[in-house]
Each structure stands twice: as C-alpha cells, then as structure tokens.
Peer 1: 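Please see the structure below; I have some questions.
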Amino acid sequence: MTPSPVSDLLARSHRLGSDPRTTNYAGGNTSAKGTVNDPATGEPVEVMWIKGSGGDLGTLTESGLSVLRIDRLRGLTSVFPGEDHDDEMVAHFSYCLHGSGGSAPSIDTAMHGLVELAHVDHLHPDSGIALATAANGRDLTRQCFGDSVVWVPWRRPGFTLGLDIAQIQRENPQAIGCILMGHGITAWGNTSQECEQNSNHIIRAAEEFIQEHGRANPFGDLVSGYEPLPEDQRTALAAQLAPALRGMASRDRRMIGHFNDSHVVLDFLSRERHPDLAMLGTSCPDHFLRTKIRPMVLDLPPTTPINQLLERLHELHEQYRDEYTAYYKRWATPDSPAMRGADPAIILVPGIGMFSFGANKQTARIAGEFYINAINVMRGAEALSVYTPIPEQEKFRIEYWGLEEAKLQRLPAPKKHAGRIALVTGGGSGIGKATAEALVRHGAVVVIADRNYSAASSLAEQLGGSDYAIAVDVDVTHERAIHQMIESAALAFGGIDLVVNNAGLSLSRPLLDTTSEDWDVQHDVMARGSFLVSRESARIMITQGLGGDIIYIASKNSVFAGPANIAYSAAKANQSHQVRLLAVELGEFGIRVNGIAPDGVVQGSGIFAGGWGANRAAVYGVAEEDLGAYYAQRTILKREVTPTNVAAAVVALASEDFSRTTGLIVPVDSGVAAAFQRYSSDA
C-alpha cells in the first residue's frame with residue numbers, strides 16, 4: 001500500500017507541474033518525509049521521498065521517486081570535505097537509499113533532505129526567477145515579502161547550496177521559503193498542503209508585485225517594420241525558412257524543429273530592446289541547459305526579400321558558431337567534457353516567430369517553451385529593475401558540469417532513425433500505416449498523408465500525438481494540396497528527410513475494357529503524384545543540406561506481365577523508372593532514391609479492400625478471402641507478404657546500413673521468378 005506522504009506528494013507534484021506559471025517540464029523537485037518500517041530490522045526509520053533525476057512533476061509516478069534514509073543523508077554533513085568536493089557528494093546519495101528501485105537521486109537532494117521541515121518544493125516559476133535575476137533582487141524580495149521569504153546568494157546547485165538553505169530555514173523560523181539568486185524558489189511546510197500553499201503564495205505574490213510595481217513596456221517601444229506579419233503570410237514564410245534553419249541547427253547533429261508564433265514571442269521580437277536582452281542570455285540552469293546560453297537573432301525586418309533573409313541568417317549562423325566556440329574555449333578546463341555542438345537551439349525571427357530545435361520533437365518543443373519562460377523572466381526583471389543573469393562562467397560550469405555530462409551519458413543510444421522526419425503518402429492504411437508505425441518505432445517523426453484524414457488522424461494519435469506524428473489530408477493529384485502538405489511538414493517538424501511514395505489505387509481491367517479515365521486516374525495518383533511529391537520534397541531536402549531518402553513503393557507488376565492490369569502495371573513501371581532517373585539527378589545532394597517492389601500485400605490494404613481484391617480473385621479463380629494464400633503459393637518461398645514486411649524493408653533501405661545504395665528496386669514478394677530484375681550490358 002502506498003504510504004500517505006507519497007500519495008500526497010504525487011498529488012501536490014501533479015498540481016504544481018501542470019501549471020506553466022509554477023514550473024516547466026522536468027523542472028523543479030518536490031519531497032516529503034515520513035516514517036516507514038525497515039524490512040531488515042522491523043524498526044521504524046525516517047525516510048524522504050523526492051522526485052528523481054530527470055523526472056517531470058506533472059507526470060510523476062511513484063517509480064520516479066528516490067527514497068533515502070534521513071539519518072544517513074544528514075550524516076553526510078559530517079564527512080563533507082567542503083565546497084570544492086560538492087560534486088562528489090552526489091555519489092554518496094547512493095549509500096543513503098532505502099531499498100531498491102526508484103529513480104536516481106537528483107542533484108537537489110541535499111536541499112530537501114537537510115531542511116528540517118517535512119515537505120519541500122523547489123520550483124522555477126517565471127515570477128520568482130524575475131526577482132532572482134533583477135539587479136537589486138535582494139531588496140525587491142524584502143519589499144515583496146518582508147522577512148517571510150529570504151534571499152539566497154547565487155550558488156551552483158549541490159550539497160553546499162543544500163547546507164545554505166537548511167541554515168537559512170533554521171535561522172529564519174518565520175520564513176516560508178526563499179528566492180535563489182539567478183535560479184528559482186524553494187518553499188517548505190509541516191504538511192503537504194502547507195508546503196503547496198507556501199509555494200503558490202510566493203509565486204502569486206511575486207506576480208502581483210511585478211504587476212503593481214513594474215513599469216509598462218519593459219522591452220521598450222515597438223520598432224517600425226518589426227511588427228508581426230499577418231498570420232497567413234507569417235506561416236507561409238515560416239514554412240519557407242524552417243528547412244534552411246533546421247539545416248543550420250543540424251550542422252553538428254541532426255535536429256527536429258518546432259515553430260512558435262505566440263503573442264509572447266512576437267511582441268518581444270517587435271520591441272526595441274529585444275536584441276540586447278537576448279544577447280544577455282538565459283539565467284535559470286533549467287532554461288539554458290535546453291536553450292543554450294543565448295539564441296540566434298535575425299536583425300532584419302520580415303518584409304525583407306527571402307533570399308536576403310537567408311543570406312543574413314547564414315552569416316549569423318557562422319558568427320554564432322564562432323562565438324559559441326570562443327565561449328567554450330574561454331572557460332573550458334582540461335577536465336571539461338568535449339564541446340557538444342556550436343549550433344543554436346533557439347532562432348528568433350522578428351515578425352515571424354521562434355524556431356526551436358532538439359534531438360526529438362518533444363525536446364524541440366520544450367526548448368521553445370523554456371525560452372518563453374525566459375522572455376517572461378526578462379519582462380518581470382526589467383519591469384522592476386535591470387535583468388541581470390548569472391555570469392557567463394557560471395553558466396559554463398553548469399552547461400559543461402561533469403554531473404550533467406554523466407546524465408547525458410546515461411541516455412539510451414539513439415534509435416536507427418532518430419532525428420529524421422518522414423513523409424508517408426497513403427499512410428492511413430496497409431503498407432503506409434505499417435511503415436509509419438515502424439518509422440516511429442525506430443525514432444523518426446512522421447507526417448501521415450492520406451485522403452482518408454480520419455484514418456490518418458487516428459493513426460497519428462495512436463503513435464503518440466503531435467510529438468511523434470501528424471496527419472495531413474491530401475490528394476496527391478492536386479499540386480496545391482502537395483504544397484500545403486510540405487508546408488505542414490516544415491511547420492510541424494522543420495523539414496523532410498525521408499519520403500515514402502506509397503499512395504496508390506488500382507482498377508484491374510483488360511485492355512479492351514480499360515478507359516482513358518482508368519488510365520488517367522491511375523497515372524495521376526501513382527506516376528504524376530509521386531513525381532510531384534518527390535519534386536517538392538527534394539526542394540526541402542536540398543535547402544536543408546542534410547541529404548535524404550526517397551523511396552517508391554512500386555510493385556512486382558512493374559516488370560511482371562500479368563493479365564488484365566495494363567493501367568496499374570504501366571503506372572508502377574513509371575514509378576520504377578523515376579527511381580533510376582531521380583537517383584542520378586539527386587545524388588549530388590546526398591539524396592538517395594530507391595524503390596520497393598512488393599507483391600500480393602492483401603492484409604490491411606485499402607486497394608484490395610476497395611474492389612481490387614475481388615477483381616484479382618475473379619481473374620485467378622479463387623475466393624477473395626483466399627487471395628493472400630494464393631499469392632503466397634505461387635512464390636518461391638511460399639510465404640504471404642504483409643505490410644510489416646514492406647515496412648521493414650523501408651526502415652532498412654532508408655537507414656545508414658544502406659548509405660551507399662541508390663537507384664535500387666528491392667523485391668519484397670517472397671520470390672516471383674517471372675519478376676526477377678534482368679539487366680543487359682554492352683560490356
């Protein structure tokens with residue numbers, strides 16, 4: 001049975017973690033102390049439950065808690081050698097654990113355990129950090145709270161900071177918490193309810209103090225020409241810029257993008273002080289660990305011709321990389337981890353919005369959310385005083401902290417397609433559905449494009465929602481619809497790396513019964529449609545400069561002369577030759593073009609369910625429900641081909657395992673000898 005302190009702690013954590021004014025994703029810690037029976041002795045022992053390293057308050061579960069014995073944790077004070085050995089104490093927390101399981105203890109464990117009260121919250125609210133980063137934050141804290149909230153001078157998180165806060169709590173029994181310079185807040189209480197009330201009081205009182213005493217327009221006057229563009233123009237231009245920006249942000253490591261054009265961002269970028277404030281960088285460690293110490297900021301109005309915008313962005317990117325490299329060299333010591341990359345995580349474009357980047361969509365989105373927190377912090381600090389983040393050297397000590405590096409090293413190895421953006425046409429069913437599922441499983445994010453938007457949308461939700469997949473309603477025969485699909489991919493994820501041309505249909509008729517309309521519709525969808533999708537996707541890939549893959553789901557019928565199938569087979573032959581043509585043309589850009597030729601994929605197929613199955617069954621004289629087995633028996637391997645077999649081929653062919661392969665058509669047909677590829681040579 002879950003002890004009451006734990007259930008109370010989880011409920012409190014969920015409430016605090018669900019409010020963006022209170023803390024941000026994976027930020028902050030909460031804890032509770034209580035007594036349990038030690039299974040080894042049967043005697044009562046005092047323990048502390050605390051959110052473990054890397055957890056998120058809003059979604060915290062019991063398994064995400066660390067459980068430590070209070071006597072052993074506080075006993076560490078007698079063996080602590082001093083601030084120079086702060087980092088070593090994190091390893092000592094393992095000797096304080098009660099039982100097994102749970103999460104690794106956080107760097108903030110001492111802050112919670114050394115405070116004598118039973119419940120402690122450490123949070124990163126915008127209003128609290130605004131006071132914490134104001135030039136005269138100590139005085140403002142006293143004006144706002146009197147002696148009920150105490151100022152704590154800057155100290156990097158760790159055991160010494162825990163000792164500081166514990167001493168402050170002992171020496172100030174009237175206090176309900178403290179403001180940590182440059183960082184956040186800590187609050188405490190005898191009960192979970194009291195602790196939560198104290199946390200909320202500090203946050204709300206700081207908000208009200210800023211609102212009552214802060215000056216209007218702390219970011220300065222509006223700058224003519226830097227106002228937000230109308231929404232339709234803004235999103236269209238953002239879609240054009242996104243692939244180029246993603247390419248810049250991916251120089252050292254492939255990134256996924258996120259676009260945000262909220263009022264908070266656009267207003268900040270329209271004000272005269274935004275360039276100077278952005279250059280000061282963020283202050284709270286939780287912020288700059290995700291956003292880097294400062295963003296890259298475009299210094300041109302949004303009405304500038306796009307070629308000039310891109311030219312300037314490339315110049316600024318080179319400057320940013322040089323400046324970041326210089327920052328690393330200024331403060332790195334022989335013991336510092338290697339530089340993790342010099343590209344920006346946040347790119348700000350006035351009048352358009354913010355582009356944030358991360359190893360996956362969630363990380364990119366959260367980086368943007370953290371920078372919005374940083375904007376709110378700057379606004380509050382500037383309204384009351386002067387925004388004064390922690391010194392650059394201190395930022396470096398945290399960004400390249402050995403403990404932070406150890407946390408990164410504990411992350412699982414990237415999956416096969418991590419950091420890649422895939423577009424699957426006809427993705428709502430059959431081969432397309434299986435392919436989308438497989439690509440997400442292997443780390444990619446996916447744009448599921450289908451005329452059946454309901455099926456595509458349902459699949460996107462099943463795959464985890466917009467951090468993993470989005471649905472797009474598209475008819476590939478409509479050129480404008482394809483442009484909109486490409487824009488959706490750019491706005492959602494930053495671009496495209498992998499295209500799977502899978503959309504198709506079939507009308508199986510003998511030559512004399514095949515109408516020109518039959519011919520046109522099949523060629524419009526498969527030949528023309530895949531050409532248009534490939535053309536527009538290639539533009540994005542070339543702009544990104546990251547290479548890419550285009551894969552055509554062709555058919556064994558592209559080389560097999562089957563009966564009553566002229567229009568479908570000719571369209572598939574067209575697709576197969578597009579593979580060869582585009583492989584030659586796009587190779588110089590690092591774009592590989594390959595194809596897969598399945599046969600007899602009956603399971604889950606929209607084509608077969610739409611009448612094609614009944615037609616082919618009639619042609620071959622078998623029952624429709626036996627068609628898959630019939631196809632299997634005519635193959636060499638006598639095994640039915642399923643959508644997952646084709647999806648597996650896509651995953652493999654588009655991976656680094658086949659990085660030197662282009663222009664290839666791979667059969668996935670269980671072996672149809674009549675469809676074997678044959679080549680002739682004059683040599």
Peer 1: What's the separation between atom CD1 in Ile553 and atom CD1 in Ile596, rounded to the nearest 0.5 Å?
Peer 2: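 Those atoms lie 4.5 Å apart.
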Peer 1: Does the plane of the ring in Tyr324 sit parallel, tilted or perpendicular to the ring in Tyr400? Use 30° and 60° as the thresholds.
Peer 2: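 Tyr324 vs Tyr400 ring planes: tilted.
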Peer 1: Only one of Asn260, Leu348, Ile366 passes side chain to side chain contact (heavy atoms under 4.5 Å, CB included) with Tyr371; say which it is.
Peer 2: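 So the option named by the test is Leu348.
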Peer 1: Under a 4.5 Å cut-off applied to non-hydrogen side-chain atoms, are Gln484 and Val472 in contact?
Peer 2: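 When only atoms from C-beta onward are counted, Val472 and Gln484 do not touch, as no gap falls below 4.5 Å.
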Peer 1: Should we count OH of Tyr468 as having more than 12 external heavy atoms under 6.0 Å?
Peer 2: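 Count not over threshold, so no.
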Peer 1: Heavy atoms, side chains only, cut-off 4.5 Å: are Phe658 and Val666 in contact?
Peer 2: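 Sidechains of Val666 and Phe658: no contact.
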Peer 1: Does a sphere of radius 6.0 Å around CZ in Arg535 hold more than 12 heavy atoms from other residues, nucleotides or ligands, not counting ones at 6.0 Å or beyond?
Peer 2: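 Correct, the count exceeds 12.
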Peer 1: By the definition side-chain hydrogen bond (donor to acceptor under 3.5 Å, both in side chains), identify the one residue from Ser537, Ser530, Ser534 that meets it with Asn501.
Peer 2: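 Single side-chain hydrogen bond (donor to acceptor under 3.5 Å, both in side chains) partner of Asn501 among Ser537, Ser530, Ser534: Ser534.
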Peer 1: Using modelled atom types only, decide if a donor and an acceptor are shared between the side chain of Arg365 and the backbone of Ser466 within a distance under 3.5 Å.
Peer 2: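 No, Arg365 side chain to Ser466 backbone: no donor-acceptor pair under 3.5 Å.
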Peer 1: Under 3.5 Å, is there a donor-acceptor pair between the side chain of Gln575 and the main chain of Met526?
Peer 2: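 Between the backbone of Met526 and the side chain of Gln575 there is a qualifying donor-acceptor contact (under 3.5 Å).
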Peer 1: Under the rule for salt bridge (Lys or Arg N to Asp or Glu O under 4.0 Å), what residues qualify as partners of Glu315, not counting sequence neighbours?
Peer 2: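 By the salt bridge (Lys or Arg N to Asp or Glu O under 4.0 Å) rule, Glu315 matches Arg312.
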Peer 1: List in chain and number order the residues that pass side chain to side chain contact (heavy atoms under 4.5 Å, CB included) with Ser558, two or more places apart in sequence or in another chain; answer none if no residue qualifies.
Peer 2: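 Only Lys572, Ala573, Ser576 meet the side chain to side chain contact (heavy atoms under 4.5 Å, CB included) criterion with Ser558.
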Peer 1: Got a donor-acceptor contact below 3.5 angstrom from the Asn502 side chain to the Gly426 backbone?
Peer 2: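 Yes; judged by distance alone, with no hydrogens or angles, the pair exists.
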Peer 1: Measuring only between side-chain heavy atoms, which start at C-beta, is Gln603 closer than 4.5 Å to Pro643?
Peer 2: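 Touching, per the 4.5 Å side-chain cut-off.
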Peer 1: Under 3.5 Å, side chain of Glu399 to main-chain N/O of Lys292, donor-acceptor pair present?
Peer 2: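 Not at all, since once roles are kept as given, no pair shorter than 3.5 Å links the two residues.
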Peer 1: Should Thr642 and Asn645 be marked as a side chain to side chain donor-acceptor pair (under 3.5 Å) after you check the CA-CA gap, both sets of side-chain angles, and the distance that decides it?
Peer 2: CA-CA 5 Å; Thr642 69; Asn645 300 140; 3.1 Å; yes
Peer 1: Could you go through the side chain to side chain donor-acceptor pair (under 3.5 Å) check for Thr661 and Asn594 one step at a time?
Peer 2: CA-CA 8 Å; Thr661 299; Asn594 293 291; over 6 Å; no
Peer 1: Do the non-hydrogen side-chain atoms of Thr425 and Val474 ever get within less than 4.5 Å of each other?
Peer 2: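 Answer no - side chains too far apart.
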Peer 1: For the backbone of Val651 and the side chain of His417, can you confirm whether one donor and one acceptor N or O come within less than 3.5 Å of each other?
Peer 2: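 At least one qualifying donor-acceptor pair exists.
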Peer 1: When you look at Arg321 and Asp252, which way does the salt bridge (charged side-chain N to carboxylate O under 4.0 Å, His left out) test go after all the steps?
Peer 2: CA-CA 10 Å; Arg321 288 180 59 84; Asp252 295 316; 2.9 Å; yes
Peer 1: What distance do Asp599 atom CG and Glu640 atom CD have between them, rounded to the nearest 0.5 Å?
Peer 2: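 One finds 10.5 Å between CG of Asp599 and CD of Glu640.
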Peer 1: Do you know the tightest heavy-atom contact between Ile540 and Ile496?
Peer 2: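 So the minimum-distance heavy-atom pair works out to CG2-N, 3.6 Å.
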Peer 1: Sub-3.5 Å donor-acceptor pair from the side chain of Arg251 to the main-chain atoms of Ala342, do we have one?
Peer 2: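 The answer is no, because no donor-acceptor pair under 3.5 Å joins these two groups.
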Peer 1: What are the two closest non-hydrogen atoms of Ala554 and Pro598, and how far apart are they?
Peer 2: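 Of all heavy-atom pairs spanning Ala554 and Pro598, the closest is O-CD, 3.4 Å.
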Peer 1: So, Tyr328 versus Phe396, ring centres under 6.0 angstrom or not?
Peer 2: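 Between Phe396 and Tyr328, which both carry aromatic rings, the centre distance is below 6.0 Å.
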Peer 1: Please report the shortest heavy-atom distance between Ile470 and Ala492, naming the atom on each side.
Peer 2: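 Smallest interatomic distance, heavy atoms only, reads CD1-CB, 3.6 Å.
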Peer 1: Quick one: do Lys51 and Asp108 make a salt bridge, cutoff under 4.0 Å?
Peer 2: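 Here Lys51 does not pair with Asp108 in a salt bridge, since their nearest N and O are not under 4.0 Å apart.
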Peer 1: Should Val499 and Met541 be marked as a side-chain contact (heavy atoms from CB on, under 4.5 Å) after you check the CA-CA gap, both sets of side-chain angles, and the distance that decides it?
Peer 2: CA-CA 10 Å; Val499 171; Met541 294 178 186; 3.9 Å; yes
Peer 1: Would you compute the distance between atom CD1 of Ile448 and atom CG of Leu423 and round it to the nearest 0.5 angstrom?
Peer 2: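 Here the rounded value is 10.5 Å.
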Peer 1: Do Arg539 and Ile486 come close enough that some side-chain heavy atom pair is under 4.5 Å?
Peer 2: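 No - every pair of side-chain heavy atoms lies 4.5 Å or more apart.
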Peer 1: Counting only heavy atoms not in Arg451, do more than 12 sit closer than 6.0 Å to its CZ atom?
Peer 2: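 Count not over threshold, so no.
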Peer 1: When rounded to the nearest 0.5 angstrom, what is the spacing between OH in Tyr552 and CG in Asn574?
Peer 2: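 These two atoms lie 8.5 Å from each other.
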Peer 1: Just jot down the ring-ring contact (aromatic ring centres under 6.0 Å, His included) partners of Tyr320, sequence neighbours excluded, or say none.
Peer 2: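 Partners of Tyr320 under the ring-ring contact (aromatic ring centres under 6.0 Å, His included) test: none.
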Peer 1: Any side-chain heavy-atom pair from Phe560 and Asp669 closer than 4.5 angstrom?
Peer 2: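 Phe560 vs Asp669: side chains apart.
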Peer 1: Considering residues at least two apart in sequence or located in another chain, which fulfil the ring-ring contact (aromatic ring centres under 6.0 Å, His included) criterion with Phe259?
Peer 2: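 By the ring-ring contact (aromatic ring centres under 6.0 Å, His included) rule, Phe259 matches Phe355.
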Peer 1: Looking at Thr291 and Ala367, would you say the former's side chain and the latter's main chain have a donor-acceptor pair under 3.5 Å?
Peer 2: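 Judged by distance alone, no pair lies under 3.5 Å.
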Peer 1: Any sub-3.5 Å donor-acceptor pair from Ser670's side-chain atoms to Val641's backbone N or O?
Peer 2: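 Side chain of Ser670 to backbone of Val641, a donor-acceptor pair under 3.5 Å: no, none is there.
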Peer 1: So do Ile421 and Arg246 actually touch side chain to side chain, heavy atoms under 4.5 Å?
Peer 2: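 A side-chain contact exists here, since the closest heavy-atom pair is under 4.5 Å.
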Peer 1: Taking all heavy atoms of Gly52 and all of Ser106, pick out the closest pair and write down the distance.
Peer 2: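 In this case the closest contact between Gly52 and Ser106 is C-CB, 4.4 Å.
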Peer 1: Spell out, as yes or no, whether a donor-acceptor pair under 3.5 Å connects the side chain of Ser66 to the backbone of Ser103.
Peer 2: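 Here the side-chain-to-backbone pair exists.
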Peer 1: Cut-off 3.5 Å, no hydrogens considered: what does the side-chain donor-acceptor table look like for residues 458-465, sequence neighbours left out?
Peer 2:
| residue | atom | partner | partner atom | Å |
| --- | --- | --- | --- | --- |
| Ser458 | OG | Gln462 | NE2 | 3.2 |

Peer 1: What do the steps show when you test Asn373 against His287 for side-chain contact (heavy atoms from CB on, under 4.5 Å), and what is the final call?
Peer 2: CA-CA 8 Å; Asn373 290 126; His287 293 179; 3.6 Å; yes
Peer 1: Checking side-chain contact (heavy atoms from CB on, under 4.5 Å) for the pair Ile372/Ser262: CA distance, chi angles, key distance, verdict?
Peer 2: CA-CA 9 Å; Ile372 288 176; Ser262 64; 3.9 Å; yes
Peer 1: What's the shortest heavy-atom distance between Thr282 and Phe288, and which atoms?
Peer 2: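 Of all heavy-atom pairs spanning Thr282 and Phe288, the closest is OG1-CB, 3.0 Å.
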Peer 1: Measure across Ile256 and Ala359 and return the closest heavy-atom pair with its distance rounded to 0.1 Å.
Peer 2: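 So the minimum-distance heavy-atom pair works out to CG1-O, 4.1 Å.
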Peer 1: Report yes if some heavy atom in the side chain of Gln544 is under 4.5 Å from a heavy atom in the side chain of Asp497; otherwise report no.
Peer 2: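 Counting from C-beta outward, Gln544 and Asp497 do come under 4.5 Å.
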Peer 1: Check for a donor-acceptor pair, side chain of Asp473 on one end and backbone N or O of Tyr453 on the other, with a separation under 3.5 Å.
Peer 2: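 Flag not set: sc Asp473 to bb Tyr453 has no pair under 3.5 Å.
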Peer 1: Take His577 and Arg580 through the test side chain to side chain donor-acceptor pair (under 3.5 Å) and record every step on the way to the result.
Peer 2: CA-CA 5 Å; His577 199 48; Arg580 294 181 279 270; 3.2 Å; yes
Peer 1: Nearest 0.5 Å please: distance from the CD1 atom of Ile347 over to the CG atom of Leu298.
Peer 2: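 It is 9.5 Å, given to the nearest 0.5 Å.
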Peer 1: Nearest 0.5 Å, what's the CG-NE2 distance between Asp286 and His124?
Peer 2: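 These two atoms lie 4.5 Å from each other.
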Peer 1: Taking ring-ring contact (aromatic ring centres under 6.0 Å, His included) as the definition, give me every residue that meets it alongside His523, ordered by chain and number, with sequence neighbours left out.
Peer 2: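 His523: ring-ring contact (aromatic ring centres under 6.0 Å, His included) contacts with Trp519.
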